[in-house]
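Predicted, not measured: the structure shown is a model, and the values here were computed from it. Residue numbers start from 1 in every chain, and the chains themselves are labelled A, B, ... in the order their sequence lines are given, proteins ahead of strands.
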Number of protein chains: 2
Amino acid sequence: MKADDKTNNRTTIKTVSLAAGVSMKTVSRVLNKERYVSERTRARVERAVADLQFTPSVAARILAGKRSYQIALIYDNHSPHYIHQIQTGVWARCTEEGVRLLAQPSDVSSPNLASEIGGLIDQTQVDGVILSSPVTDAAVVLQELERRNVPYVRISPGTEQARASSVSMDDVKAADDMTSHLIALGHRKIGFIIGHTNHAASDQRLFGYRRALDRAGVSYEPKYVLPGAFDFSSGEAAADILLDLQTPPTAIFASNDDMAAGVLTVAHRRGLALPGQLSVAGFDDTALASQLWPPLTTVRQPTRELAYAAASLLFAMRGEVAHRRLPHELVLRASTAAPAKA
Amino acid sequence: MKADDKTNNRTTIKTVSLAAGVSMKTVSRVLNKERYVSERTRARVERAVADLQFTPSVAARILAGKRSYQIALIYDNHSPHYIHQIQTGVWARCTEEGVRLLAQPSDVSSPNLASEIGGLIDQTQVDGVILSSPVTDAAVVLQELERRNVPYVRISPGTEQARASSVSMDDVKAADDMTSHLIALGHRKIGFIIGHTNHAASDQRLFGYRRALDRAGVSYEPKYVLPGAFDFSSGEAAADILLDLQTPPTAIFASNDDMAAGVLTVAHRRGLALPGQLSVAGFDDTALASQLWPPLTTVRQPTRELAYAAASLLFAMRGEVAHRRLPHELVLRASTAAPAKA
DNA sequence: TATCAATATGACAGCGCTATCATATATCCT
DNA sequence: AGGATATATGATAGCGCTGTCATATTGATA
């Protein structure tokens, strides 16, 4: 990349101060909405800023001040749709606040995760971090952030920790709701595909499934519960096993939509009538859910809203720990129905 | 967000220079891989850097130097999957280069698009920009970047411009290939759903479709060609119209996978046997394509690779304009087959 | 009117780097 | 050997802001 010849005619705070007839410091005060600036002066400065189309240099602000006007979003998630929602939500809130967002993909299984994140902080001096699952549960990361005294918020499906702020939804309740829906339709043999083990939500959803069965007096059958990894192919694999059972389930509840899509594919491949011979439910309400056939019954996870709320929490942070819980919603589509008579 | 008490014990280039027994400037030279540093000195400095876990402050570098070690990726695309691929590709190359990536969602239809981007550049002093479709074709943006002398690369499906570097795939050829595939299967009545009009690729794909028909001596029927907007519901709408025709097409080629998913849904809803009664083809090979039923025949667009190549081009830029074209690939799955006998 | 706090503004240092220029040493040629 | 280069290193001045401290200016209070 060619060295860009910035022939020093940048508009700086000095240019503005000259134009407005005040000191640099006063311009700085206006820019930062500090107290003790008279209305007249403020107006004059704002005028000059607008006329000159002045935009302060983030670099200089970071170097001189304590704030960097940047926060980082750290994620390691293989669902593009989920990440996109998270990014969009956080970004929206950042824009309102005039703060820049650095998106930082990472790898929770990397041995030097903590030092990578430490490096990021040193380099960019971000003044806050938002963590999305499963990085929310990487102890080394939390430690690193605490050691460096960097405020952070966890977007954490289902889990709250006393030490750090978080936003979450009630995964247990959501899975319970979905399972109860299937039971209400008349299903008694309900398969369940667990999510990836490094996501805290996976346990929560499993627990919700069991709780609903329990309450309804439906016996829990370990053979109906299989591990998955939140991806399409693990959904296919689990579905094949479930449908090969002597008494296969009449409904399968997958811990996310991708795995549910895998179940649908297997069902189609086997020529099953859907939803008559097999009901399928997912979790997340990704774009995928409504584009499948039959359209997928699922749980709408308020991802974008969670992300937005997380950023709000970060900006409002004053040292204390806070938690926000956002409501989920059962989205009933055509992939679930009463089981066919035996 | 609480003001982070940076109790000034930051490791700086000065700390390192003291430890290594050289001047600050020499440390800087090593950091920037400049010439004229002896092997012995370089080793000593690198040692000190490692020992102290030193990471230079991006802010100070930007302020002092000409480079900012940051580039921006500007996009406005409603396909999370596409954006994710682009981000991942660019990010990978940036990481190799030690450059930070700012992701900048934008809105091509916004009247102050140019000034937003101007502001971004002023604020962050990015030393290069990567544009993804459809921002690639927003004239105001290109002008703004040129005016400010910021190097940029366009990730531009199908279009090359003499004035700016770009990476692209051959959309015309790809659409031609797919259409030819359908013709080879025996289809003569082939529906086509055009992409969103603000994407340059849309025209290209349409042209490829026509060219293939032409070459094969299949007559072009305007009634088989409908507008779309690259989203699921426009695919559904177009499919409904096409399948309501007196002599409906035996195959439908949609300009992207989302619209193809819409076509599949309509076909299922109408109880058509797939692919016997209707072949469906998409474009992009998003994750969706293989998760639908039947799995979708589509064109694999090398999105990630395009993004990676775009970043490479940007870093290698020395003022001259360059173009790279990457190969696409026909992905044949179960959604296309010979038409059923009439 | 004198005294104090609250309000309003500015001068100036310095954040952590890189650019520029000066200087010192090694290597080459005729 | 004696200059002319190429190589290697350092001293110093900013980059564009914000923090700190000093200095008005006002209004409120006794």
Side-chain angles (χ1 to χ4, degrees), chain A residues 3-45 48-49 52 54-70 98 121-125 127, chain B residues 3-45 48-49 52 54-70 98 121-125 127:
Chain A
D4 175 359
D5 59 330
K6 287 164 180 149
T7 33
N8 282 334
N9 43 1
R10 195 180 207 286
T11 306
T12 74
I13 195 172
K14 182 145 206 175
T15 328
V16 177
S17 71
L18 258 36
V22 297
S23 71
M24 281 165 52
K25 180 65 215 190
T26 298
V27 176
S28 169
R29 283 199 180 89
V30 173
L31 257 27
N32 294 289
K33 307 193 202 309
E34 288 176 25
R35 296 171 56 187
Y36 302 144
V37 181
S38 72
E39 250 339 298
R40 261 186 63 246
T41 311
R42 181 185 310 281
R44 277 236 302 286
V45 171
V49 168
L52 295 164
F54 170 71
T55 330
S57 151
V58 174
R61 262 142 82 110
I62 297 177
L63 196 54
K66 304 191 152 70
R67 293 190 57 187
S68 77
Y69 305 87
Q70 296 186 321
I121 293 167
D122 280 346
Q123 271 186 41
T124 62
Q125 285 136 291
D127 37 42
Chain B
D4 174 0
D5 59 329
K6 289 165 179 150
T7 33
N8 282 335
N9 43 1
R10 194 181 209 284
T11 306
T12 74
I13 195 172
K14 181 145 205 175
T15 328
V16 177
S17 72
L18 258 36
V22 296
S23 73
M24 281 166 54
K25 180 64 214 188
T26 298
V27 176
S28 170
R29 283 199 182 90
V30 173
L31 256 29
N32 294 290
K33 306 193 204 309
E34 286 176 27
R35 296 172 55 189
Y36 302 146
V37 181
S38 71
E39 251 338 298
R40 260 187 63 248
T41 313
R42 181 184 311 281
R44 277 238 299 288
V45 171
V49 167
L52 295 164
F54 170 71
T55 330
S57 151
V58 174
R61 263 142 84 110
I62 299 176
L63 197 53
K66 305 191 154 69
R67 294 189 56 187
S68 77
Y69 304 87
Q70 296 187 321
I121 293 167
D122 280 347
Q123 270 187 42
T124 62
Q125 285 137 291
D127 36 42

Looking only at atom types and distance, does a side-chain atom of [X] sit under 3.5 Å from a main-chain N or O of [Y], one as donor and one as acceptor?
X	Y	value
B:Arg44	B:Val22	no
B:Arg10	A:Asp122	yes
A:Ser68	A:Gln125	yes
A:Asp127	A:Tyr69	yes

Notebook entry, point to check: Given A:Arg67 and A:Asn32, is the side chain to side chain contact (heavy atoms under 4.5 Å, CB included) satisfied, shown in steps?
Noted result: CA-CA 11 Å; A:Arg67 293 190 57 187; A:Asn32 294 289; over 6 Å; no
Check: Can you name the one residue among B:Thr41, B:Ile13, B:Val45, B:Val16 that meets side chain to side chain contact (heavy atoms under 4.5 Å, CB included) with B:Val30?
Finding: B:Val45
Margin query: Side-chain N or O of B:Thr26 versus OP1/OP2 of D:dG10: is the shortest distance under 4.0 Å?
Written below: yes
Next item on the list: May I ask you to verify if any side-chain N or O of A:Tyr36 is less than 4.0 angstrom from the OP1 or OP2 atom of C:dA8?
Entry: no
Please report the interatomic distance [atom1]([X]) to [atom2]([Y]), rounded to the nearest 0.5 Å.
X	Y	atom1	atom2	value
B:Thr55	A:Ile121	OG1	CD1	10.5 Å
A:Arg42	A:Glu34	CZ	CD	10.0 Å
B:Lys25	B:Leu31	NZ	CG	10.5 Å
B:Phe54	B:Lys14	CZ	NZ	13.0 Å

Polar atom pairs (N or O), protein with nucleotides 3-5 of chain D, under 3.5 Å:
none

Item checked: Smallest separation among heavy atoms of B:Ala48 and B:Ala20, with atom names -> CB-CB, 4.0 Å
To the nearest angstrom, how far is [X] atom [atom1] from [N] atom [atom2]?
X	N	atom1	atom2	answer
B:Asp127	C:dT18	CG	C1'	14 Å
A:Gln125	C:dC17	CD	C1'	11 Å
A:Asp122	C:dC17	CG	P	10 Å

Return the polar atom pairs (N/O with N/O) between nucleotides 17-22 of chain D and the protein under 3.5 Å, or none.
residue	atom	partner	partner atom	Å
D:dC17	OP2	A:Ile13	N	2.8
D:dT18	OP1	A:Asn32	ND2	2.9
D:dT18	OP1	A:Arg61	NH1	3.3
D:dT18	OP2	A:Ser28	OG	2.6
D:dG19	N7	A:Lys25	NZ	2.9

Hey, what are the protein-to-nucleotides 24-29 of chain D N/O distances that come in under 3.5 Å?
none

